**Student:** 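Before we start, here is the structure in question, set down as structure tokens.
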Amino acid sequence: MTTVPAAQNDSNADDGFATMAIHAGQDPEALTGSVAVPIYQTSTYAQDQVGVLRAGYDYSRAGNPTRTALETALAALEGGRFGHAFSSGMAAADTALRAMLKPGEHLVIPNDAYGGTFRLIDKVLVPWGISYTAVPLSDLDAVQAAMTPATKLIWAETPTNPLLNIADIAGLAEIAHQSGAKLVVDNTFASPYLQQPLALGADVALHSTTKYLGGHSDVIGGALITSDQELGEAFGFHLKSMGGVAGPFDSWLTLRGVKTLAVRMDRHCDNAEAVADMLLSQKKVRKVYYPGIPEHPGHDIAAGQMLRFGGMVSFRVVGGQEEAVKICSRTRLFTLAESLGGIESLIEHPGLMTHASVAGSSLEVPDDLIRLSVGIEDIEDLLADLADALA
Ligand SMILES: *Cc1c(COP(=O)(O)O)cnc(C)c1O
């Protein structure tokens with residue numbers, strides 16, 4: 001079986017972000033002129049003679065044109081050369097970890113890592129002989145101190161979930177590269193519109209495309225983007241070998257979301273800024289976590305490496321867990337649900353929902369904490385909904 005070449009960024013270097021989101025990898029289809037990338041819902045491809053392929057495709061686990069379009073667009077948006085699209089963010093994380101680490105090697109992870117990533121490393125990779133140290137990534141001295149001769153990878157998230165801590169991507173890249181290690185940045189919370197880790201020195205950007213890239217809460221997916229040829233090939237090899245590929249329809253849905261990423265993100269940011277402002281003035285609110293607030297400890301670094309501060313806002317309330325739980329069930333427009341990054345506003349109690357599995361560990365979150373994924377509805381309606389729930 002021949003190998004389909006990894007999707008390569010084909011964008012014009014002069015094109016802006018919103019232009020690339022609509023055009024990179026998405027030329028009208030040659031046969032009919034279809035403006036929308038077709039959903040190539042096929043498992044296999046006719047060969048004209050043994051081994052003579054019409055367009056480089058032989059089997060859809062190895063490659064599919066709808067997936068290639070998505071991979072090309074994502075590579076362009078992250079400013080990388082190679083993109084790979086997976087069936088979920090966790091499948092992307094699994095491939096990154098296994099392609100970049102061997103048994104006996106060590107990685108540094110955030111002490112507030114995404115719960116699913118922590119579980120994958122702690123429960124799946126550790127038994128295979130990989131070790132890790134969890135540190136607060138906002139503290140570069142702590143990261144430096146955790147580096148060992150066996151450290152081959154720093155795994156970063158910024159902003160983090162749900163406390164929106166900020167890590168200095170360029171600083172982490174320097175520490176990693178000085179000791180011959182690589183840096184992966186899970187860029188899910190920011191999206192490539194707000195932050196481009198490769199330009200700041202990271203080796204790999206990872207996405208749960210389930211969130212802002214897909215943007216409509218209707219598909220699960222993941223992606224890895226890199227400019228490193230060796231890593232690009234290794235990711236493609238692992239993707240094909242382990243098989244966690246994004247299907248044609250999921251790729252199409254994600255690509256449909258990607259086209260509007262820039263306008264959606266600006267509206268998410270506008271609305272989140274207004275929500276953070278409003279929460280700061282509420283008597284029932286003890287503390288607001290949003291990197292756009294000047295008092296946020298990571299504000300200056302976020303201002304330097306992000307275009308804007310994102311659509312996620314967390315806050316602690318007076319009255320402890322009981323009151324926090326009540327507020328979560330009192331909103332009308334903010335839907336009580338896990339996940340984030342869709343056009344609709346969501347509210348959740350991390351301690352009992354997304355972060356229930358880390359109770360009692362160093363990743364535990366305050367029990368009076370509420371997390372908002374601020375959607376793109378009319379801001380007056382969102383503010384009124386929160387004010388009513390907090391009354
Ligand atoms: C959701 C999420 C993931 C996992 O992605 P799935 O698509 O759910 O597999 C990884 N990292 C972050 C930061 C996430 O929010």
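Everything numeric here is computed off the predicted structure, so don't read it as measured data. Every heavy atom of this structure was used, including side-chain atoms; hydrogens, water molecules and symmetry mates were not. For this chain, numbers begin at 1 and follow the sequence in order. Start at 1 and go down the list; that is how both ligands and their atoms are numbered.
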**Student:** Looking at atom 4 (C) of ligand 1, what's its closest protein heavy atom, distance included?
**Tutor:** Y114 CE2, 3.5 Å
**Student:** Does F309 have its ring centroid less than 6.0 Å away from the ring centroid of H299?
**Tutor:** yes
**Student:** Cut-off 3.5 Å, side chains only: do E157 and T160 have a donor facing an acceptor?
**Tutor:** no
**Student:** Any nitrogen or oxygen of K211, main chain or side chain, under 3.5 Å from a nitrogen or oxygen of ligand 1?
**Tutor:** yes
**Student:** With no hydrogens and no angle check, do the side chains of D266 and Y193 hold a donor and an acceptor under 3.5 Å apart?
**Tutor:** yes
**Student:** Pick, from D186, L340, T209, the option with the minimum heavy-atom distance to atom 12 (C) of ligand 1.
**Tutor:** D186
**Student:** Give the atoms of ligand 1, by number and element, whose distance to some non-hydrogen atom of G221 is under 4.0 Å.
**Tutor:** 7 (O)
**Student:** Taking NZ, NE, NH1 and NH2 as the nitrogens, is one of them in D228 or K182 under 4.0 Å from a carboxylate oxygen of the other?
**Tutor:** yes
**Student:** If I apply the N/O under 3.5 Å rule, does G89 come out as touching ligand 1?
**Tutor:** yes
**Student:** What residue among V185, L200, L183 forms side-chain contact (heavy atoms from CB on, under 4.5 Å) with L172?
**Tutor:** L183
**Student:** Using a strict 4.0 Å cut-off to heavy atoms of S208, name the atoms of ligand 1 that fall inside it.
**Tutor:** 1 (C), 2 (C), 3 (C), 4 (C), 5 (O), 6 (P), 7 (O)
**Student:** Could you tell me whether some N/O pair between M90 and ligand 1 is separated by less than 3.5 angstrom?
**Tutor:** yes
**Student:** Are K240 and F237 in a cation-pi contact, defined as NZ or CZ under 6.0 Å from the six-membered ring centre and within 45° of the axis?
**Tutor:** no
**Student:** What atoms of ligand 1 come closer than 4.0 angstrom to any heavy atom of F189?
**Tutor:** 15 (O)
